[in-house]
**Student:** 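Structure in structure tokens, see below.
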Amino acid sequence: MMFGLGKSKGGSAAGGHDPWKGRLAFGAIVLVSAYFAIQLVVSLQTLWLLIFGAIVVAVILRALADPLVRFLRLPDPLAVFLSMLIVIGVLAGLLALFGAQISEQVTTLIAIVPLGWAQVQTWIEAQPYAAQVFEQLQNLGSRAGEALQFAQKFAIGMAAGITTMVLVVVAGVFLAIEPAKSREGLLSVFPMDRRDRLREVLNSCGKALKGWLKAQLFSMVLVGTLTGIGLAIIGVPSALGLGLLTGLSQFVPIVGPIVSTIPSVLVGATQGWHTAVLAVVVHIVISQLESNFITPLVQKNVANLPVVLGIFAVVGIGTLFGPLGVLFATPIALVLHTIVTMLYRQDVLGDPDAKAPGER
């Protein structure tokens with residue numbers, strides 16, 4: 001019969017088996033499984049981000065430990081321990097050298113930014129059509145106040161989550177000590193004939209993360225230093241604190257550099273409109289240097305991510321997972337990009353030009 005719904009030889013009448021029932025059952029299982037998988041991702045979103053944070057910690061420590069293992073022939077636990085000491089020593093040294101200045105400038109910065117905002121409002125009021133513009137600024141100011149309240153709540157939440165972050169670091173240390181064991185444990189749930197390829201994919205993801213983190217750290221230090229020097233030259237107060245803020249914001253591509261410009265402009269406004277304009281110019285010039293010279297230089301032969309994917313990652317992952325999602329959006333997108341390239345474009349589509357970020 002038409003569409004296979006009637007009785008036929010070897011069909012449901014002969015064998016008592018209806019193929020459509022099996023297909024419907026399989027489709028229902030797939031839909032239900034997909035639903036629960038999505039619910040699992042959403043309900044445990046913080047857990048996934050913390051797991052990914054532990055992986056990032058492990059990648060950082062392995063980036064320092066691998067040369068010690070390779071050249072000094074140290075065992076992995078000792079190499080990871082020395083890597084931790086290196087990180088702690090660098091942070092302690094920076095705090096000893098610049099901690100007092102940074103603390104003082106950050107305190108000054110918090111006090112100056114509202115004054116800069118008031119100065120900008122005064123300039124706007126003196127201009128034609130100021131009423132309409134000022135009304136929009138008032139709305140923006142109220143939203144800024146809401147954002148400040150959110151930032152305060154976020155800071156309190158972060159302070160309350162110090163114990164959780166310690167657990168993330170501890171988990172990252174154990175991952176760094178025995179990365180192969182953790183990788184093989186994950187692979188053990190997959191079929192034997194797929195493990196070699198999946199092992200290659202996971203190794204490429206690790207290389208992609210390591211390369212991206214190295215490039216990002218170099219870019220953060222260089223951009224933060226150049227911004228601090230540039231703002232100091234044009235006479236912006238708390239240039240060191242603003243440079244530190246700009247450098248840290250580089251960890252979140254696209255969004256971070258734009259957001260970090262606002263405090264510089266507001267602080268510059270306290271010195272006059274010309275200083276505020278020069279602060280914008282400093283950020284634009286350094287942004288152009290970063291995108292056209294610094295990024296191509298530091299990311300040559302290491303993992304990078306297409307700009308469009310980076311933008312969508314920040315928006316999409318940030319919407320799904322919140323502030324922590326924005327923080328980890330780019331490395332998560334980099335890992336997903338590597339997996340899709342290798343398992344879909346290479347293996348399924350057979351694209352000879354497809355090259356994952358972590359492949360050499």
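Note that the coordinates shown come from a computational prediction; the quantities given were computed from them, not determined experimentally. Numbers here are sequence positions counted from 1.
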**Student:** Under the 3.5 angstrom rule, does the side chain of Thr270 hit a backbone N or O of Leu266 as a donor-acceptor pair?
**Tutor:** no

**Student:** Would you mind reporting whether Val80 and Val173 have side-chain heavy atoms less than 4.5 Å apart?
**Tutor:** yes

**Student:** List the steps and the verdict of side chain to side chain contact (heavy atoms under 4.5 Å, CB included) for Glu178 and Asp76.
**Tutor:** CA-CA 8 Å; Glu178 295 182 322; Asp76 283 339; over 6 Å; no

**Student:** If I compare all heavy atoms of Lys210 with all of Ala63, which pair ends up nearest, and what's the gap?
**Tutor:** CG-CB, 3.9 Å

**Student:** Would a 4.5 Å heavy-atom cut-off, applied to side chains only, mark Val335 and Ile55 as touching?
**Tutor:** no

**Student:** Contact between Phe52 and Ile332 at the side-chain level, heavy atoms closer than 4.5 Å - yes or no?
**Tutor:** yes

**Student:** State, to 0.1 Å, how close Ala333 and Ile317 come at their nearest heavy-atom pair, and which atoms those are.
**Tutor:** N-CD1, 4.3 Å

**Student:** Does the ring centre of Phe218 sit less than 6.0 Å away from the ring centre of Trp212?
**Tutor:** no

**Student:** His283 and Ser264: side-chain donor and acceptor closer than 3.5 Å?
**Tutor:** yes

**Student:** Is Leu242 close to Pro263 at the side-chain level, that is, under 4.5 Å between some pair of heavy atoms?
**Tutor:** yes

**Student:** Would you say Ile60 and Ile88 are hydrophobically clustered, going by side-chain heavy atoms of ILVMFWY under 4.5 Å?
**Tutor:** no

**Student:** With a cut-off of 6.0 Å (strictly less than), are more than 12 heavy atoms of other residues, nucleotides or ligands near CZ of Phe81?
**Tutor:** no

**Student:** Taking Ser182 for its side chain and Leu175 for its backbone only, find out whether a donor-acceptor pair lies under 3.5 Å.
**Tutor:** no

**Student:** Any non-hydrogen side-chain atom of Arg183 less than 4.5 Å from a side-chain atom of Asn203?
**Tutor:** yes

**Student:** Pair Arg345, Asp353 - check salt bridge (charged side-chain N to carboxylate O under 4.0 Å, His left out), show working.
**Tutor:** CA-CA 9 Å; Arg345 292 184 60 192; Asp353 297 324; over 6 Å; no

**Student:** A side-chain contact here means heavy atoms from C-beta on lying under 4.5 Å apart; do Leu309 and His337 qualify?
**Tutor:** yes

**Student:** With a 4.0 Å cut-off on N to O distance, would you call Lys181 and Glu184 a salt bridge?
**Tutor:** no

**Student:** Identify the two heavy atoms, one from Ala239 and one from Ala232, that lie closest to each other, and give their separation to 0.1 Å.
**Tutor:** CB-N, 3.5 Å

**Student:** Verify the cluster assignment for Leu334 and Phe251: are they in a single hydrophobic cluster under the rule of side-chain heavy atoms below 4.5 Å apart?
**Tutor:** yes

**Student:** Could you go step by step and tell me if Val259 and Ser249 meet the side chain to side chain contact (heavy atoms under 4.5 Å, CB included) rule?
**Tutor:** CA-CA 8 Å; Val259 172; Ser249 70; over 6 Å; no

**Student:** Check step by step if side chain to side chain contact (heavy atoms under 4.5 Å, CB included) holds for Asp347 and Met342.
**Tutor:** CA-CA 6 Å; Asp347 293 357; Met342 298 184 71; 5.8 Å; no

**Student:** Report the C-alpha distance between Lys214 and Leu209 in whole Å, list the side-chain angles of each, state the deciding distance to 0.1 Å, and finish with yes or no for side chain to side chain contact (heavy atoms under 4.5 Å, CB included).
**Tutor:** CA-CA 9 Å; Lys214 288 179 179 178; Leu209 276 178; over 6 Å; no

**Student:** Does a side-chain heavy-atom distance below 4.5 Å link Thr227 with Gln250?
**Tutor:** no

**Student:** Taking all heavy atoms of Arg62 and all of Pro67, pick out the closest pair and write down the distance.
**Tutor:** O-CD, 4.4 Å

**Student:** Ignoring hydrogens, what is the shortest heavy-atom contact between Gly172 and Ala58? Give both atom names and the distance.
**Tutor:** O-CB, 3.4 Å

**Student:** Taking the side chain as every heavy atom from C-beta outward, state whether Ile284 and Ser287 have any atom pair closer than 4.5 Å.
**Tutor:** no

**Student:** Show the nearest heavy-atom pair for residues Ile234 and Val282, with the distance to one decimal.
**Tutor:** CD1-CG2, 4.0 Å

